[in-house]
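Report on the structure given below.
Note that the structure is a prediction, hence the values are computed from the model and not measured. Chain letters run A, B, ... following the sequence lines, proteins first, then strands; residues in each count from 1.
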There are 2 protein chains.
Amino acid sequence: MTRIVFVLVAVGALAGVVTYMAPAFGQADGEAAPMFGIKIPPGYRDWRLISVAHEEGNLNDLRAILGNDIAIEAYREGKLPFPDGTIIARLAWDYVPSEENNKAFGRRQSFVAGPPKNGVQFMVKDSGKYASTGGWGFAQFDDGKPASEAVHNTCFSCHEPAKVRDFVFTRYAP
Amino acid sequence: MTRIVFVLVAVGALAGVVTYMAPAFGQADGEAAPMFGIKIPPGYRDWRLISVAHEEGNLNDLRAILGNDIAIEAYREGKLPFPDGTIIARLAWDYVPSEENNKAFGRRQSFVAGPPKNGVQFMVKDSGKYASTGGWGFAQFDDGKPASEAVHNTCFSCHEPAKVRDFVFTRYAP
């Protein structure tokens, strides 16, 4: 029994080391976005899927919304407001017709993700630090570089209509 | 030093227990799909994202393609053919206009994932077991139940045009 307790503590300690090292590595040369001071969260491309969407018009993209472990757990348990530490990522790619898929389906119907487009966006929950914007910090990066302060100024007002769901539009897709 | 080695072995042993228990739990009451005998892989909803797509026409869905660790690694390293053990999952949801998002954007442009639709599909790589179908086994489940043999009969022929990429249409979205 003593042995098992020791192992579990050791596992926790190792996990701690990993948690500590990952941000240091991923953010080593990252620039913080204006207003909210958010850097690109390391490893976000490995996060689990919350949902997908398509925007027409000027955006004309296919997008995926991913969440860190805290986000996914909150979604699955219907936890509102989202707990501090939640990070939600919005990736997007060009909306491209697939001739190859269309041939397989026998008609023009298939649209796939092309090159990355419209930047990568993050919502970071920290109810203390971001109290004046519903507890959320917002960030957009275009080709890895933070977007302008003008862009970041639009984030919170745009998310206000979703106040009833803690300012998050995206619902979890089962 | 001795202490650290002991801990790592213990971590490995714990991981082994988890790996062993997961399939047993996830497949406990799962029914195998016809022809290829594939059951729903446990935990597939937690897999990482390969890409997203939209199908018009009868399908009229938004879809996400997820991969197990072997799949994601192969994609990122450009490994072809995919190694045995690769599993690729195709999830799909109803293609639903979002009035809420449209209000935020100020025009009708936003489509989001509604309820699950068109089943969940899997491609499982086992070059020995599935030698006559390019090394891939195929499976579709509708509401958790295997689709008919007639449905499974169409899988491989439909994927043949993608032979040059080991019968996989979907490209990795960075």
Nearest 0.5 Å, what's the [atom1]-[atom2] distance between [X] and [Y]?
| X | Y | atom1 | atom2 | answer |
| --- | --- | --- | --- | --- |
| Phe105(A) | Asn58(B) | CZ | CG | 10.5 Å |
| Glu56(A) | Phe111(B) | CD | CZ | 4.0 Å |
| His54(B) | His54(A) | NE2 | NE2 | 6.0 Å |

query: Which heavy atom in Ala53(A) sits nearest to a heavy atom in Leu62(B), and how many Å separate them?
result: CA-CD1, 3.8 Å

field: Same apolar cluster (I L V M F W Y, side chains within < 4.5 Å links), Leu91(A)/Phe141(A)
entry: yes

message: In this structure, would Trp93(A) and Val96(A) fall into the same cluster of hydrophobic residues linked by side-chain contacts under 4.5 Å?
response: no

Which one, [options], leads in non-hydrogen pairs under 4.5 Å with chain B?
| options | answer |
| --- | --- |
| Ala104(A), Ser110(A), Ser98(A) | Ser110(A) |
| Arg45(A), Lys103(A), Arg48(A) | Arg45(A) |
| Asp46(A), Leu66(A), Val112(A) | Asp46(A) |

Within [range], which positions have a heavy-atom distance to chain B below 4.5 Å?
| range | result |
| --- | --- |
| residues 69-90 of chain A | Arg76(A) |
| residues 122-129 of chain A | none |
| residues 163-174 of chain A | Arg165(A), Phe169(A), Arg171(A), Tyr172(A), Ala173(A), Pro174(A) |

task: Just give me the residue among Asn101(B), Leu59(B), Leu49(B) that pairs up with chain A most often, heavy atom to heavy atom, under 4.5 Å.
output: Leu49(B)

- prompt: What part of Ile65(A) lies closer than 4.5 angstrom to a heavy atom of chain B: side chain, backbone, both or neither?
  reply: neither

message: With a 4.5 Å cut-off on side-chain heavy atoms, are Val52(B) and Arg63(A) touching?
response: no

field: Heavy-atom contact with chain A under 4.5 Å, split by part of Asn102(B)
entry: neither

- request: Can you sort out the partners of Phe36(B) under ring-ring contact (aromatic ring centres under 6.0 Å, His included), two or more places apart, ordered by chain and number?
  value: Tyr130(B), Phe138(B)

